[in-house]
Amino acid sequence: KTYHVAVVGATGAVGQKMLETLEIKNFPIKKLKLLSSSRSAGTKLKYKDDIYTVEEATPESFEGVDIALFSAGGSVSKRFAPEAVKRGAVVIDNTSAFRMDEDVPLVVPEVNEEDIQLHKGIIANPNCSTIQMVAALKPLDKKYDLKRVIVSTYQAVSGAGTEAVNELKDQAQAFLAGEDLTANLLPVKGEPNHYPIAFNALPQIDVFQENGYTYEEMKMINETKKILHKNSLNVAATCVRLPFFTSHAESVYVELGKSDLSVSVIQEELAKANGVTLKDDPTQQVYPTPLDAAGLPDVFVGRIRKDLDHDNGFHLWIVSDNLLKGAAWNSVQIAESLVKHNWL
Ligand code: 11C
């Protein structure tokens with residue numbers, strides 16, 4: 001069986017990776033429709049051997065579509081996802097528009113694939129920094145009952161889109177040429193203050209909430225509990241933007257429901273987990289870095305250490321390509337599950 005697939009936001013950083021992933025996975029496509037805002041309509045994009053012209057999304061664009069992958073920002077999803085569902089499509093949405101809605105499954109297939117079947121037309125793809133963390137923590141939760149998570153992130157600029165990638169390039173060139181740096185975008189487009197990202201670290205990703213945490217931090221906290229079906233889990237997050245292009249890295253401290261565990265049993269669980277690659281050998285200086293992970297679909301874990309004061313505590317270093325497993329790859333995996341299990 002083959003499917004009519006639409007990609008909304010096809011010209012964006014994630015949209016492009018969605019097309020690449022559909023092609024790599026040879027997704028059974030009968031008809032492909034590439035959609036965007038009016039600004040990018042008319043752009044020509046290649047898929048396999050064909051050139052497609054990107055069309056402006058309208059409610060009617062979704063007539064006959066079976067699966068619609070959305071990654072064009074929350075407001076586009078809010079406007080068009082219900083229109084797509086009304087016309088019979090199943091939407092896989094990569095924005096935060098519907099993630100916390102009760103009726104919308106929030107899915108990382110290695111973690112909670114079975115939630116997909118509860119969908120009422122929309123399935124949400126979690127935030128990139130959440131996806132890689134829960135993919136690595138789920139095997140530990142299953143076996144040893146996760147109690148607490150404290151995460152600090154080291155996030156790539158591509159998480160903030162192509163404009164942020166260009167801002168880093170421009171600032172890096174200016175800095176090396178001895179010129180003044182201009183910052184117009186980061187940490188958050190539309191906020192009053194902007195700070196240079198080149199040769200810097202910005203402890204703000206997305207807007208501040210009333211409780212002093214940023215929206216990115218609250219996404220990690222709330223989405224982790226929802227995906228793991230664990231409201232009792234203690235989660236705290238600090239999210240930081242760093243000047244590299246691809247892959248998010250995370251320093252994660254966990255407390256488990258079992259004491260007296262060794263590093264090797266944690267390594268063993270992670271080594272056999274789906275979608276996770278263990279890269280952990282301090283004797284050989286082996287650990288994952290953002291550059292190594294870029295372009296690969298796996299979640300990489302290293303630097304696993306036992307906490308020195310808490311017998312049930314461990315520290316992990318988790319790295320994954322934010323545009324692949326963090327976005328496009330996970331979305332296409334959800335589409336594959338829908339098709340494989342006949343959950344459309
Ligand atoms: C970032 N994690 O790195 C964000 C991007 O909710 O899907 C993803 C935003 C989202 O800036």
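The first residue of the sequence shown is numbered 1, and numbering continues consecutively from there. Counting convention: from 1, in listed order, for ligands and their atoms alike.
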Sub-3.5 Å pairs, protein N or O with ligand 1 N or O:
residue	atom	partner	partner atom	Å
ligand 1	2 (N)	N127	OD1	2.7
ligand 1	2 (N)	E216	OE1	3.2
ligand 1	2 (N)	E216	OE2	2.6
ligand 1	3 (O)	Q155	NE2	3.1
ligand 1	3 (O)	R241	NH1	3.0
ligand 1	3 (O)	H248	NE2	3.2
ligand 1	6 (O)	R99	NH1	2.8
ligand 1	6 (O)	R99	NH2	3.3
ligand 1	6 (O)	K219	NZ	2.5
ligand 1	7 (O)	R99	NH2	2.7
ligand 1	11 (O)	G159	O	3.2
ligand 1	11 (O)	R241	NH1	3.3
ligand 1	11 (O)	R241	NH2	2.6

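Under the 6.0 Å cut-off for aromatic ring centres, F199 and F244 do not qualify, their centroids lying 6.0 Å or more apart.
Hydrophobic clustering (side-chain heavy atoms under 4.5 Å, transitive across Ile, Leu, Val, Met, Phe, Trp, Tyr) groups L316 together with L228. One hydrophobic cluster, built from ILVMFWY side chains closer than 4.5 Å, holds both L278 and I266.
Here I150 sits in one hydrophobic cluster together with Y253; the rule is ILVMFWY side chains under 4.5 Å apart, joined directly or through other members.
Here salt bridge (charged side-chain N to carboxylate O under 4.0 Å, His left out) pairs that include residues 206-230, with residues two or more places apart or in two chains, are R99-E223, D141-K230, D145-K230, D206-K219, E216-K219.
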Side-chain donor/acceptor pairs under 3.5 Å, residues 5-18, sequence neighbours excluded:
residue	atom	partner	partner atom	Å
T11	OG1	S40	OG	3.3
Q16	NE2	A10	O	3.4

